[in-house]
Amino acid sequence: MILAGRSWKHYSFAARIVILLTGVAAIAYTEVLERFDFILYDKIAVLQQYPQDPDIVIVAIDDESFKVLGRWPWSRGVHAELINRLNSIGNKALALDLLLSEPQENDPYADHLLAQAIAAHGNVIFPVAPVFDAHMESLMLVQPLPLFTQQAVLGHVDIELDSDGVARRVYLSAGINAPEWPALGLALTNPAAVRAMQQQVHETVSGQPEHWERAQEALIPYAGESGSFRKISYARVLFDDAVLAGLRDKTVLVGMTATGMGTRFATPLSPLNHQPMTGVEWHANVFSMLTSNRMIYPAPGMITAALSVVWVSAILVILAWVGKNLTIPLLLAFMAAGLFLSGLILELNRVWIPPGATLLGTLSLYPLWNWRRINEFLRTLWMSKAHSNVALESIGDGVIITDASDQVVYINTGTEKILRTRLEQIKGKPLAEILGFDTNVADVPVDQAGKDFAGGSVNKPGMVECVLRTAQGNERTVRITRNQLLDEQKATMGSVIAMTDITDRIELAQQVAHQQSYDALTKLPNRSRLLAQFDSLIQEIANSGKIITVFFVTLDNFKKINDAMGHHAGDKLLKMVSGRLFDAVAPEDMLARWGGDEFVLLSSCLAKEDSAPGMAQKILDAIRQRFEIDGLEVFVSASIGVSFYPDDGLTSETVLERAGTAMYRVKKDGGNHFGLYSAESSVVWTRDQLELERELRAAIKNDELQVLFQPIVHAQSHHIARIEALVRWLHPKRGYLSPSEFIPLAEDIGQIGQLGEIVLRTSCTAAYNLLQLGYPVNVSVNVHPRQLLNRDFPQTILQVLHDTGLPAQSLILEITESAIVNDMERVSKVLEEIRRLNILIALDDFGTGYSSLTLLRELPIDILKIDKSFVRTLDQNRNDLKIVQAIIGLGKNLGLTVIAEGVETERQVKLLLQHACYYHQGYFFSRPIPYEALYELMQHKLYQAGPQ
């Protein structure tokens, strides 16, 4: 009987082995695990590194080309010009990934130009592609026009996508009914041989199209993710001879890379930069694969099945020979060895053997070999669970266990006490619901932190303190910790939530914190909280151009109330005053008690039409109203000092101190008034100043400022090379105001950023319009020091260039030494960032500052503008002439463009030209004029082709 039992076990074990090996062979042959094999292949492909081929260049039909050449499609004459330019440098082979299957109706002669260019070049490859005609229910081949095919080499662009939508393989030949067409990349390797073969094919192929036939399958070892090959803009190849010369001895592929144009494909390397690959890049990878001889051949299904069975059988033999149990580390070692062997064969022999069936068969050996141990483990697990339940019931904190769907499966006694509920009532319900975060009652507050925590994925462990609502409606503050519950394979089965009731502790901490931050009498924030809030507010508005207004309020003659009515009456008055102040300010403002009878108001959100004097007067009016204390009418007044951040200081302490200084000056002058801080401790704001401030705010808001343009002329050729934008304000009563009359005011009221952006946007729009009309000029815009110190200034420039369409190289930013010397390090970083955008930097008013030579050494300067104070007396003062001559020589030696400002006479023009200063700006050529007048000037008198 014992022998019979052992024999049956042996037969049963052998039968399971046969079934396992048969299953492994079937899975490998039928490619059931194809998607899994794809994942493994992609991981291995990412690890493989291939050198990039510097001889392959993609000429990209990109967004830059569309800006220069206009909308797609372009004239075939443009393509002909590109081919002719490449032919002029001896280009050996050129592939155009463009299906030109229809004649160009608006310019038939352009097709002939392109055909002539193709014939002259001799090695131009065009694509062919299969298209299924649903109406005719037949497969058709889309080819270029016969005019082109007579001279060009043809290659198919059929791209095979795997079942997961990823392009991993290429068929080197394909065609209708017969694989007669080489792939575009293959045709590019030897155009002459392909042309000869295609001439024979065209003479013999006949018959009705039926199906698309592929042959010569290969996996593509990609040279890198999208963007790995060198790309040059189509427009630059057309117009830049230096770029064209760099394509000598290169293999060129022309294709679409512009946003939203052309077809893009996912590749095994796409996850590296989250970018699909364009068709022209795909063909470049195929060509690179062929020329470097690194094709990967997929193993046939029969061979894969046989190798998989051999591998699993070998593991069985090893286990039987050594007589050991199959442990998890040993199992993982066998699986890693199988995967390594597959990768090694791929690396050495360029053959891909899918390891999915092998890995699955290896994994299946574990339950086959260790079924007794697995049975024992399950029994032990059940006992461990029983012990855990006893332990959970014995602790005081709450414990909740959820499943993978975040539904409650268990709570201990501690949780029942905290939530005032029982397991039978909540088992199977969502965690968010039983914790009170899933309420639909409108008047029930929901703790957002707890809602986010309970509603989060079970894969996101963490800790949170939040407020829970019990079944009886009571609120309890709890600390909740959440951790994952994992199985042996590290898969998430659910989560464990530990809950501690900290209601009493939190309430005590809140009481202590409130006493430390708030005034006990008025319930307003105290001095320490005010300073902390002020510093926080400064960080929030950093580099935003906003200002913080500080109102320092003190009661006049408060001592008389205390002396006449007692300190209790004084306390009542302070509480009443704090109430009126609180009602007078905006909800976003901060009101605090500074000490005694002093209060401070912080405001960072005054509307543009309001002003500090208006708010101060509102506070005075509120305090002047009658108070009633212990049956007596009491009248008090206040003194208010006003200061501004950052104009009156860069720290909270400084600005508050200066608001106090202004307040004490008002108090000394009799009180019942307000004053603004100045260096003399008092500023008299006249009605005229306030009115001008209001009008400037309105002019900026309503875009009433005028931008004029003064030409910068190349004096030899008399063409307008550049224009400088100058802002003017046509005041309805005061007439034209120069920048010196309103720029300082805009700076004082915090509007210089908005004003600068308006001038920049208007200038770029004007330059773009001139460019579209055929007058490409650079526009020069002055930059205020505060704009340079704003960290968001480069982003503002990018946004304006994007909105207006002006190329970055057409913009010049003019800076002065005063904008730099105060913070050289910070300004230098901003200018370097701007210069990387291809924007030119001009140093204005050069020669008037003490640090000019330092600036030229340290900063990325492109243009020097000689200050007009030297040019004005150039023909009268020999010293000025020597200074100008020195500046011109300095600029020439440094490779900088030199512009003379303030040129007003013909004698000045001649002297400047004698000393090789060719760019002039001044009234001799033109005053600052509106855009319309500038356009007329460029049409008639001054604009002609010349150096830029």
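- L530 contributes atom CG, which lies 5.0 Å from atom CE of M590 (distance to the nearest 0.5 angstrom).
- Residue V634 forms a side chain to side chain contact (heavy atoms under 4.5 Å, CB included) with just one option from M565, R626, E628, and that option is M565.
- Nearest heavy-atom pair across V666 and I640 is CG2-O, 3.8 Å.
- With hydrogens and angles left out, the side-chain atoms of Q539 and D535 include no donor and acceptor closer than 3.5 Å.
- Note on R658 versus D647: no salt bridge recorded, every NZ/NE/NH1/NH2 to OD/OE distance being 4.0 Å or above.
- When side chains are defined from C-beta on, V727 does not count as touching N782, because their heavy atoms never get closer than 4.5 Å.
- When all heavy atoms are compared, the tightest approach of Q787 to F793 is O-CB, 3.2 Å.
- In this structure the side chain of I743 reaches within 4.5 angstrom of the side chain of L755, judged on heavy atoms.
- In this structure the side chain of F599 never reaches within 4.5 angstrom of the side chain of I619, judged on heavy atoms.
- Two residues are said to be in side-chain contact when any heavy atoms from C-beta on lie closer than 4.5 Å; P794 and V830 meet this criterion.
- In terms of heavy-atom proximity, S763 sits nearest to A725 at OG-CB, 3.0 Å.
- Residues R580 and I623 come closest through the heavy atom pair NH1-O, 3.9 Å.
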Residues L811, I797; criterion side chain to side chain contact (heavy atoms under 4.5 Å, CB included); working and verdict:
CA-CA 10 Å; L811 177 62; I797 297 174; 4.0 Å; yes
What's the verdict on side chain to side chain contact (heavy atoms under 4.5 Å, CB included) for M615 and V642, showing C-alpha distance, side-chain angles and the deciding distance?
CA-CA 10 Å; M615 175 60 78; V642 184; over 6 Å; no
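- Within the model, atoms CD1 of I400 and CD1 of I480 stand 7.0 Å from one another, a figure rounded to the nearest 0.5 Å.
- A donor-acceptor pair is defined here as one N or O able to donate and one able to accept, closer than 3.5 Å; no such pair exists between the side chain of T762 and the backbone of V759.
- The nearest pair of heavy atoms linking L620 to A638 is CD2-O, 3.3 Å.
- Side-chain contact between R624 and D621: present, with at least one pair of heavy atoms (C-beta onward) separated by less than 4.5 Å.
- Looking only at distances, a side-chain donor or acceptor of S643 sits under 3.5 Å from a matching main-chain atom of V655.
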Working for side-chain hydrogen bond (donor to acceptor under 3.5 Å, both in side chains), residues T549 and S603
CA-CA 5 Å; T549 308; S603 178; 5.5 Å; no
Would you check, one step at a time, whether the test side chain to side chain contact (heavy atoms under 4.5 Å, CB included) holds for K546 with S604?
CA-CA 7 Å; K546 290 185 178 180; S604 63; 5.6 Å; no
Full working for side chain to side chain contact (heavy atoms under 4.5 Å, CB included) between L574 and L555:
CA-CA 9 Å; L574 290 175; L555 300 181; 4.1 Å; yes
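- You'll find the side chain of K523 stays beyond 4.5 Å of the side chain of F582, heavy atoms only.
- The CG atom of L705 sits 11.5 Å away from atom CZ of R728, with the distance rounded to the nearest 0.5 Å.
- The distance from the NZ atom of K701 to the CZ atom of R697 is 11.0 Å, given to the nearest 0.5 Å.
- The 12-atom threshold is exceeded at CZ of F558, counting heavy atoms of other residues, nucleotides or ligands nearer than 6.0 Å.
- Side-chain atoms of D556 come within 3.5 Å of backbone atoms of N672 as a donor-acceptor pair (strictly under, hydrogens ignored).
- The backbone N or O of K560 lies less than 3.5 Å from no partner atom in the side chain of N557, so there is not a single donor-acceptor pair.
- Note: I815 CD1 to L859 CG = 6.0 Å, rounded to the nearest 0.5 Å.
- Under the 30°/60° scheme for interplanar angles, the aromatic rings of W594 and F552 are found to stand perpendicular.
- Between N526 and R529 the shortest side-chain heavy-atom distance falls below 4.5 Å.
- No cation-pi contact links R734 to F742, judged by a cut-off of 6.0 Å to the six-membered ring centre and 45° from its axis.
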Tell me, with the steps shown, if T816 and D844 meet side-chain hydrogen bond (donor to acceptor under 3.5 Å, both in side chains).
CA-CA 5 Å; T816 59; D844 200 9; over 6 Å; no
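- Results of the side-chain hydrogen bond (donor to acceptor under 3.5 Å, both in side chains) test with R761 over T804, D703, D803 single out D803 as the only residue that passes.
- Nearest heavy-atom pair, F551 versus A616, reported as atom, atom and distance to 0.1 Å: CE2-N, 3.8 Å.
- Side-chain contact between V553 and L601 is absent, with no heavy-atom pair separated by less than 4.5 Å.
- Note that the CD atom of Q751 and the CD1 atom of I700 stand 5.0 Å from one another [nearest 0.5 Å].
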